[in-house]
Amino acid sequence: MQNHLPPPKFEPPQRNKSFLYVILFALLLTAAYYLVNPQPPNGETAAKEMPISQLTADYASGKLEAIEIKGNKLYATTLDGQKYMAYKADGDTIGTLGLTDPKNSTAVAIISTEASAFWLSLLSNWLPIILFIALIVFMAKQLGKGASSAFSFGKSQARVYSKNGKNRTTFKEVAGMEEAKDELVEVVDFLKNPKKYTRIGAKIPRGVLLIGSPGTGKTLLARAVAGEANVPFFSISGSEFVEMFVGVGASRVRDLFQKAKRNAPCIIFIDEIDAVGRQRGFGMGGGHDEREQTLNQILTEMDGFEQGTNVIVLAATNRPDILDYALMRPGRFDRRVTIDMPNLKEREEILKVHVRGKQVEKQVKLEPIAQQTPGFSGADLENLVNEAAILAAKNNRHAIAQEDLEKSIEKVGLGPEKKSRRLTNEEKKITAYHEVGHALIGKLLPHCDPVHKVSIISRGMALGVTWFVPEEDKHLKSVSKFKDELCSLLGGYMAEKQTFGEVTTGASSDLMRATEIARRMVTEYGMSEELGPVIFGEKSSGQFLGADFGMRPNYSEEVAAKIDGAVANLINEAKEKTAVLLEENKALLKKIADVLLKKEVLNKEEFDKFFPKKKKILVTSSHEDTLHP
């Protein structure tokens with residue numbers, strides 16, 4: 001769960017300019033090369049070599065158009081465009097060669113570059129020395145720099161949050177996660193009062209692994225631990241250790257832990273540690289690739305902590321099943337803190353955090369919003385409030401209204417409305433009966449969640465939506481609930497078949513979900529009467545490049561056929577039950593569908609009006625007590 005407070009400020013690392021320096025140095029070398037080895041003038045490579053006497057004779061006879069003198073080379077161009085080259089002796093000049101004879105009536109252009117020969121000689125002799133000295137100075141400066149230098153490739157790139165930084169995050173500013181915070185209070189107390197534990201021989205956990213789904217606030221909780229203890233906080237992602245060069249990641253790990261020990265007591269936080277901490281031995285390079293060497297260095301550093309260093313490693317992951325066993329053993333990550341999805345009360349607290357700093361109408365109630373968002377993480381709730389603010393501004397309102405929050409739930413959970421997707425009258429009618437079929441069966445069966453809204457306005461990939469919202473958070477599901485959900489999922493399919501005599505592709509996603517539920521009932525939950533309380537399939541223990549291939553069969557082909565039969569029986573049983581209910585309530589189905597075609601959307605109150613309240617009778621079953629309408 002996340003709050004709306006800004007993260008602690010820290011000094012951003014200097015931008016890495018080493019690549020720019022390399023390019024500049026290459027340009028200097030290129031320029032030096034062309035100065036020392038100048039390119040020949042046009043036609044030099046094609047000019048023939050002639051004796052100097054030939055050149056002077058052609059000059060005297062007026063056969064030359066131009067002469068270019070470059071050092072001891074003379075390039076002659078004749079009147080007919082031919083070119084040749086001649087060498088002069090070191091002591092010869094233009095005058096001694098007779099190239100300034102006033103008797104020559106032909107206007108010969110003589111271009112002399114002898115004046116630049118001195119500078120060319122100077123550059124060719126001194127420029128390499130100057131560049132060599134500049135290279136030495138450059139290397140000396142780079143060796144004295146920090147993480148931004150070209151020679152600090154193996155240095156840690158961790159961002160450091162100072163303990164004296166403003167806007168520190170504490171436990172009071174983190175909504176929910178009470179059990180997780182209780183687990184970390186001991187870590188905070190140890191960092192504040194280490195002698196309290198060490199004098200009686202207690203050892204604080206060296207590593208704490210935060211496990212939770214994406215968006216539940218693992219990073220925020222780690223920052224709150226550092227803020228609560230008021231110690232430096234080194235934050236880095238697991239992917240920042242791994243480079244294409246072997247040994248760089250291990251070097252960065254060593255540098256990170258050395259910095260942490262110098263700043264103890266402190267906290268090292270490694271986000272997404274599964275990027276570097278996956279099980280060894282299943283990669284392309286065996287035990288010698290870069291990732292495994294980096295993991296080996298992490299294991300060595302964590303196990304090699306000296307007593308009294310007061311450095312604690314926090315790590316976060318949403319895939320604890322693929323982490324290496326050596327990383328999870330006591331002495332490294334001793335404690336695991338699981339962060340669950342927020343419950344109803346926690347969702348309301350998170351919403352209160354995220355509406356801070358936003359203009360919200362006084363009559364807005366967050367409890368109904370929290371009740372309609374089961375399964376939302378802290379990040380989802382933050383996005384929900386932001387979408388509501390955007391919607392309010394779009395409608396030129398000065399504050400967020402209850403309506404904005406309600407619509408943002410649908411946008412985040414179901415996708416935006418696609419009013420541009422126009423349906424034909426026939427498609428619209430089929431969609432209406434399909435969605436009413438879901439809602440009607442869900443209303444008639446006692447174990448389905450209440451219908452919150454029925455709509456035939458397209459959202460995302462769906463042409464229509466039937467939205468069920470549970471009245472309270474539940475952690476267990478019974479066989480009866482699964483079977484009623486199967487009937488509700490098949491309600492749209494059977495409504496189409498009974499009303500129009502055939503089915504359309506609109507039921508494909510419903511059938512897919514129904515099949516998945518039925519198969520999990522048989523293979524994972526032991527809910528099949530034919531096969532009994534047996535779990536079929538087991539998790540694959542080997543990952544190739546960190547990929548989990550899910551379940552692998554541990555049963556025969558004969559048992560596989562029985563599993564398929566049991567799944568089909570559950571689906572067919574739900575189909576027959578749904579068909580009977582729809583046939584008995586055929587008139588009601590048509591009545592609700594006609595109203596939905598006119599209004600396009602039915603909310604909970606409008607839908608419930610079709611069902612007069614009846615006295616509820618308590619029915620006791622072997623699974624649970626259920627109130628049947």
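Quick note: numbers below take in every heavy atom, side chains included, and nothing from hydrogens, waters or symmetry partners. From a predicted model like this one, the values you see are computed outputs, not experimental measurements.
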Inset, instruction - For side chain to side chain contact (heavy atoms under 4.5 Å, CB included), just list the numbers for Val313 and Phe269, CA-CA rounded to whole Å, side-chain angles, deciding distance to a tenth of an Å, and then say yes or no. - result: CA-CA 6 Å; Val313 181; Phe269 176 62; over 6 Å; no

Inset, instruction - Over all heavy atoms of both residues, which pair between Ile400 and Val385 is shortest? Give the atoms and the distance, please. - result: CD1-O, 4.3 Å

Legend entry - Listed partners of Phe482 passing ring-ring contact (aromatic ring centres under 6.0 Å, His included), at least two apart: Tyr525

Legend entry - Expected output: side-chain Lys407 to main-chain Glu387 donor-acceptor under 3.5 Å: no

Legend entry - Trace of the side chain to side chain contact (heavy atoms under 4.5 Å, CB included) decision for Ile517 with Met521: CA-CA 6 Å; Ile517 291 175; Met521 289 175 65; 4.1 Å; yes

Inset, instruction - Could you give me the CA-CA distance, side-chain angles and deciding distance for Trp467 and Ile409, then say whether side chain to side chain contact (heavy atoms under 4.5 Å, CB included) is met? - result: CA-CA 11 Å; Trp467 192 3; Ile409 296 175; 3.2 Å; yes

Legend entry - Arg332 side-chain N/O to Ala326 backbone N/O, donor-acceptor pair under 3.5 Å: yes

Inset, instruction - For Glu346 and Asn343, indicate whether the former's side chain and the latter's backbone hold a donor-acceptor pair under 3.5 Å. - result: yes

Inset, instruction - Please tell me if the side chains of Met302 and Phe257 come closer than 4.5 Å, counting only heavy atoms from C-beta onward. - result: yes

Legend entry - The single option from Val412, Leu351, Val353, Leu366 passing side chain to side chain contact (heavy atoms under 4.5 Å, CB included) against Leu381: Leu351

Legend entry - Asp404 vs Asn395 side-chain heavy atoms within contact, under 4.5 Å: yes

Legend entry - Under 3.5 Å: donor-acceptor pair, side chain of Arg347, backbone of Thr373: yes

Legend entry - Check ion pair Glu178-Lys181 (N to O, under 4.0 angstrom): yes

Inset, instruction - Check whether any side-chain heavy atom of Ile369 lies under 4.5 Å from a side-chain heavy atom of Glu406, and answer yes or no. - result: yes

Inset, instruction - Check the pair Leu405 / Lys365 against side chain to side chain contact (heavy atoms under 4.5 Å, CB included), numbers first and verdict last. - result: CA-CA 10 Å; Leu405 291 169; Lys365 296 182 179 180; over 6 Å; no

Legend entry - Exercise: do Gln297 and Glu301 side chains pair donor with acceptor under 3.5 Å: yes

Legend entry - Any side-chain heavy-atom pair of Val311 and Cys266 under 4.5 Å: yes

